[in-house]
Structures are given as C-alpha cells and as structure tokens.
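Predicted, not measured: the structure shown is a model, and the values here were computed from it.
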Amino acid sequence: MRTRVRGWRWRRNPLRRRSDVLEAWTVLIAAVLLFVVAPLVGVAVGLRVHEHARTVAAAQRAERHQVRALVIGDRLGSLSTVESGREHPYRAEVRWTEPGKGTRTASARVPAGARAGDTVAVWFDARGRSVPPPPSSAALLQHAVTVGVCAAGGTAAVVLLGHAVERRIALRHRLAEWEREWERTGPRWNQPQA
C-alpha cells in the first residue's frame with residue numbers, strides 16, 4: 001500500500017533534492033501561467049481584434065451602400081451554385097434607380113434562390129463595384145471570440161511545451177545526479193561482506 005504525502009517537495013527533508021524544489025516551482029509557475037495568464041491573453045487579444053474589426057466594419061459601412069435592385073438577368077458565368085445541397089449567392093444582372101443619377105444596370109451578387117423579376121438588396125462600393133455586405137456585429141463578435149480562444153489555446157500550448165521541455169531537462173539532471181551519488185555509494189554496497 002502506497003501512502004501519498006502532499007507537498008513533500010516543499011518541506012525540509014534530507015531526501016529532498018535541489019531538482020525536486022525546482023520541479024515544484026516550475027509546476028506552480030506553469031499552473032499560474034495556464035490558469036491565469038493564458039485566459040488573460042485570450043481576452044486581451046479578443047478585445048483588440050474586436051475593436052479592430054469594428055473599425056474596419058465601420059469604414060466598410062461608410063464606403064459601401066445598399067440598394068434595392070431588380071434582378072433582370074439570369075446567372076452569369078458557368079460556375080455551379082449548388083454544392084452539397086446548399087445554394088450559394090451568385091452574380092446576375094440587376095437594375096436600380098439612384099436619386100439624381102437615374103437608372104443604372106450592373107452585375108452584382110444576389111442571394112441564393114433569386115430569380116429574374118425578384119427585388120433583392122445588393123451592396124456596392126464607391127466605385128460602383130458589387131461587394132459583400134459589411135459584417136454584422138454578431139459576425140464581429142464571433143470572429144473576436146474565435147481569435148481570443150485560439151490565442152489562449154496557443155499560449156497554453158506554449159506553456160505546456162515549455163513545461164515538458166523543463167521536465168525533460170530536470171529528468172536528465174536528476175539521473176546524472178543519481179549516477180554521481182551511486183558512483184560514491186556503489187562501491188561500499190558491492191564489497192563482499194566477511
């Protein structure tokens with residue numbers, strides 16, 4: 001039956017080696033880094049990414065404008081819009097009226113399932129090119145959370161890798177220390193008893 005003594009590396013004891021104390025400190029440091037620093041890194045990176053993404057989305061909203069347009073043509077191009085049972089947005093000819101500029105016609109991305117004669121919302125930039133809509137606040141939040149979780153996970157992976165390397169180095173030193181001790185003690189144990 002084995003008895004487990006908690007905290008033995010921290011107590012004074014003649015069998016405690018320097019490597020035991022070093023290992024105890026590195027476990028404590030790794031635990032603090034994993035449970036305190038890694039989540040803080042994830043939160044900090046997530047907040048920074050969210051702020052940057054909000055700035056980019058605001059710039060896109062200022063540059064892009066949405067119009068209600070009438071689909072006047074069929075799909076442009078020969079690419080299939082159906083993959084694995086899902087329809088994807090595609091390009092088609094649309095027509096809309098802008099105040100002060102009259103009726104305009106252009107090729108634009110239209111939602112999946114739109115047919116000729118349907119009225120759809122399309123987005124254009126300042127040059128009149130069809131562009132995707134600016135990201136929603138839910139998409140920005142999802143992006144920030146994803147990046148934050150990845151940053152926390154990456155930090156945790158680096159901490160665990162560093163701890164594994166330290167344990168391997170400590171094991172080498174411990175084995176070398178045991179070898180030196182055995183060189184001093186071994187001859188006394190191996191002598192024949194009379």
Side-chain angles (χ1 to χ4, degrees), residues 23-71 75-77 79-114 118-169:
E23 185 176 357
W25 277 106
T26 57
V27 166
L28 180 66
I29 291 169
V32 168
L33 289 174
L34 274 177
F35 297 114
V36 177
V37 175
L40 288 176
V41 166
V43 168
V45 169
L47 289 173
R48 177 108 176 162
V49 165
H50 188 259
E51 191 61 38
H52 176 69
R54 278 183 34 188
T55 304
V56 169
Q60 287 179 351
R61 277 189 210 96
E63 177 189 272
R64 299 173 182 186
H65 62 281
Q66 180 183 20
V67 297
R68 302 289 299 168
L70 179 69
V71 179
R75 294 180 178 156
L76 297 177
L79 293 176
S80 171
T81 60
V82 178
E83 293 175 11
S84 67
R86 280 183 50 205
E87 288 192 49
H88 298 283
Y90 60 92
R91 298 186 75 73
E93 286 291 318
V94 295
R95 181 176 44 222
W96 72 99
T97 304
E98 281 191 36
K101 293 186 179 179
T103 302
R104 296 188 62 195
T105 303
S107 168
R109 286 176 80 138
V110 297
D118 291 348
T119 301
V120 296
V122 292
W123 287 82
F124 291 98
D125 64 5
R127 295 185 203 155
R129 293 180 300 183
S130 175
V131 293
S136 66
S137 52
L140 296 177
L141 184 62
Q142 180 183 12
H143 175 69
V145 167
T146 302
V147 172
V149 167
C150 288
T155 302
V158 168
V159 167
L160 291 173
L161 179 66
H163 182 64
V165 167
E166 182 279 326
R167 296 264 326 236
R168 184 145 187 144
I169 292 170

Going by atom type alone, with no hydrogens or angles, which donor-acceptor pairs under 3.5 Å involve a side-chain atom of residues 138-161 and a protein atom two or more places apart or on another chain?
unit_1, atom_1, unit_2, atom_2, d
Thr146, OG1, Gln142, O, 2.8
Thr155, OG1, Ala151, O, 2.8

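- Here the closest non-hydrogen pair linking Ser107 and Ser130 is O-CB, 3.6 Å.
- Annotation: side chain to side chain donor-acceptor pair (under 3.5 Å) contacts of Asp118 (sequence neighbours excluded): none.
- Atoms CD and CZ, on Glu98 and Phe124 in that order, are 8.5 Å from each other to the nearest 0.5 Å.
- In this structure, Arg64 contributes its side chain and Pro132 its backbone to a donor-acceptor pair below 3.5 Å.
- What you find for Pro135 and Gln60 is that their closest heavy atoms are CD-OE1, 3.0 Å.
- Residues forming a side chain to side chain donor-acceptor pair (under 3.5 Å) with Trp123 (at least two apart in sequence, or on another chain): none.
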Inset, instruction - Could you walk me through whether Val27 and His163 pass side-chain contact (heavy atoms from CB on, under 4.5 Å), step by step? - result: CA-CA 8 Å; Val27 166; His163 182 64; 3.7 Å; yes
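- Remark: Leu28 CG to Glu23 CD distance equals 12.5 Å, nearest 0.5 Å.
- Among all heavy-atom pairs drawn from Asp125 and His65, the shortest one is O-CE1, 3.7 Å.
- Here the side chain of Arg68 pairs no donor or acceptor atom with the backbone of Thr97 at under 3.5 angstrom.
- Within a 6.0 Å sphere centred on CZ of Arg95, other residues, nucleotides and ligands contribute 12 heavy atoms or fewer.
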